[in-house]
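Step one of this worksheet: look at the structure below.
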Amino acid sequence: MRLSRYFLPVLKENPAEAQIVSHRLMLRAGMIKQSAAGIYSWLPLGLKVLKNIETIVHEEQAKAGHLAMLMPTIQSADLWRESGRYDDYGEEMLRIKDRHGRDMLFTPTAEELITDIVRGHVTSYKDMPLTMYQIQWKFRDERRPRFGVMRGREFYMKDGYNFDLTKEDAMHAYNRHLVSYLRTYERMGLQAIPMRADSGPIGGDDTHEFLVLAETGESEVFYDSAVTDLTFGDRDINYDDKAQCQSIMEEFTTKYARTDETHDEALFAEVPQVRRKVARGIEVGQIFYFGTKYSEAMGATVQDGDGKQVLVHMGSHGIGVSRLVGAIIEASHDDKGIIWPEGVTPFHCGIVNLKQGFAEADAACEDLYHQLTKAGLEPLYDDRNERAGGKFATMDLIGLPWRLTVGPRGLKNGVVELTCRKTGESEELTPQAAIAKVISQYN
RNA sequence: CGGGGCGUGGCGCAGUCUGGUAGCGCACCUGUUUUGGGUACAGGGGGUCGUGAGUUCGAAUCUCGCCGCCCCGACCA
């Protein structure tokens, strides 16, 4: 993409309404524009990041054998009356009437609708295990939306639901999700720690929240610092292997890590003092096992091998896709701007032409641009007729991991400059070597 | 929802107390200049001052209502 043809409304000054760093940087980098309290438009740069996160979620869910689908944002109130949640959910649920006066709502989550779909089509134990998920806009009418997309009213979320014959199978689904989520967050450059949590209005007993440690996090968290040493890395996973999933689940959840909702001082005291940490975290996902709560309320049964009707065991799982955009920035930025992890960056690298209109520089930039594009990467070429300082400031703000700087001075010696956004380190390389190095970062 | 604050060109703000034809910086347009970390100068465009009513010869400014947004708290997959 050429910056001269892009829509990137960067702001030099901090918008007054933005208090936390991710919100400020998203506004300044021209990623989002607020439309109403807690409701945002996603501008081209922001949308690219959102879609990159979405893609990672889809890819990891596919690996785990979970099926993507899509449910409507507007739902009939009837199903929610059936589960009893139409009244339970309270003011957080946005209620709407259609032209016939029928009660509708903007979905805050989709247990009812998915259960309705499944109960109509899944009638035998042979149809299970089954896990379906969607990535769809949700609406929760927060009393006080804040922190930009971290706590919006409208938000983009992956929500998945598993249907299993037995509790044991459902717990395998639980573990499978835990494993797939660990992989998902790592690919985004995040460490998200599973913490024992409270189930809230979803209901159920077993639940873990995934938290990214950050000063601006809304939750207070208590953990054994040994959990921060755990990394998933490059393991081979067989998602059908119950024992493997179980052991990974245990590996990542045995050490003490809880939010304030479930914090237990006595248990925490058993952690060696030097490893006892109290911090703040951003919740970026949660997994639940809630048994037969919804299948019972809504009559979702299947025939087992003996011909008996049995209630299906269910769980649900969420990843806050739009919230993750903010969470990643909270976890990765400096005073100049965002520092995107390679996994989610909106463009793979920036190309800064220091002397636009100078034939050699223009030609060298065009060549870099075409070669990178041909290699399957997406560079952002700043071809505006701006001064060097302005171009650098924009690149630093929007946080692309790599920057190629091209100017007459370097070209005289046959080199361009490759700069790492994260470390700030630069090296002079021939254009070919620079291209090769950038490409190697994404393999 | 309780408490606090703020609404003035795209962004950041001054002007409001003490009523008198709306201003600054950034951004934008034109030209000259400059060119390896936000050049300099000159000229220019853009605002019914959130909204409605009232007071007044006259309201961004005073009064009352309403709306919106932000912060703290409570609440919250």
Side-chain angles (χ1 to χ4, degrees), chain A residues 7-20 23-24 27-28 30 33-40 85 88-93 107-111 136 138-148 150-153 155-161 197-204 207-211 218-219 259-261 282-288 290 315-323 336-337 352-358 361 382 384-397 403-413 415-417 419 424 426 428:
Chain A
F7 182 65
L8 188 69
V10 300
L11 304 174
K12 230 178 196 179
E13 286 165 292
N14 281 322
E17 75 269 17
Q19 297 299 313
I20 65 164
H23 190 196
R24 272 205 304 272
L27 290 167
R28 287 196 52 209
K33 169 128 175 69
Q34 182 169 336
S35 154
I39 301 178
Y40 294 85
R85 284 208 296 179
D88 293 351
Y89 224 97
E91 296 288 299
E92 295 253 309
M93 183 150 73
T107 174
T109 174
E111 280 83 2
Q136 176 64 291
K138 305 292 187 302
F139 197 93
R140 289 184 194 168
D141 201 358
E142 298 269 352
R143 281 197 187 124
R144 183 154 92 86
R146 62 191 118 165
F147 305 149
M150 299 257 287
R151 177 122 174 229
R153 291 193 293 171
F155 57 100
Y156 203 44
M157 171 173 141
K158 175 263 178 181
D159 50 317
Y161 309 88
D198 190 51
S199 62
I202 301 278
T207 178
H208 280 89
E209 282 181 350
F210 290 78
L211 285 109
E218 287 198 81
S219 315
T259 64
D260 50 3
E261 294 165 342
I282 301 165
E283 186 199 332
V284 293
Q286 188 161 10
I287 55 178
F288 301 87
F290 46 67
S316 72
H317 335 87
I319 293 180
V321 174
S322 50
R323 174 180 285 185
K336 292 179 186 162
V352 169
N353 186 345
L354 293 172
K355 194 157 186 177
Q356 204 71 41
F358 179 72
D382 190 345
R384 297 171 304 165
N385 193 18
E386 292 288 324
R387 297 175 57 80
K391 292 189 175 188
F392 288 141
T394 297
M395 283 293 174
D396 288 342
L397 176 62
R403 186 187 77 208
L404 288 160
T405 307
V406 179
R409 208 178 284 172
L411 288 176
K412 207 179 292 176
N413 302 316
V415 297
V416 297
E417 189 181 75
T419 306
S426 291
E428 295 199 325

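None of these values were measured; they are calculated from a predicted model. Atom set for the values below is all heavy atoms of this structure, side chains included, hydrogens, waters and symmetry mates excluded. Order of the sequence lines sets the chain letters (A, B, ...), proteins ahead of strands, with each chain counted from 1.
Set against B/C72, B/G38, B/C76, the side chain of A/Thr394 has B/G38 as its closest nucleotide. Comparing B/C69, B/G37, B/G36 by their closest approach to the side chain of A/Arg403 singles out B/G37. Closest to the side chain of A/Ala16, out of B/C13, B/G73, B/U34, is B/C13.
A straight line from CG of A/Asp260 to C1' of B/C75 spans 13 Å, rounded to a whole angstrom. Atom P of nucleotide B/C72 and atom CZ of A/Arg143 are separated by 16 Å, given to the nearest angstrom.
Both A/Asn385 and A/Pro108 lie near RNA chain B, and the one whose nearest nucleotide falls closer to the 5' end is A/Asn385. Heavy-atom distances to RNA chain B give each of A/Glu386 and A/Asp396 a nearest nucleotide, and the one nearer the 5′ end belongs to A/Glu386.
Look at B/A27: it lacks any Watson-Crick or wobble partner with both distances under 3.5 angstrom.
By the side chain to side chain contact (heavy atoms under 4.5 Å, CB included) test, A/Pro408 is found to be paired with A/Lys355, A/Phe358, residues two or more places apart in sequence or in another chain being considered.
B/C29 sits 33 Å from B/C70 when the C1' atoms are compared, rounded to a whole Å.
Between A/Phe210 and A/Ile319, the closest side-chain pair of non-hydrogen atoms is not below 4.5 Å.
One can find a donor-acceptor pair under 3.5 Å joining the base of B/C75 and the side-chain atoms of A/Arg151.
How far CD of A/Glu283 is from CZ of A/Arg323: 5.5 Å, rounded to the nearest 0.5 Å.
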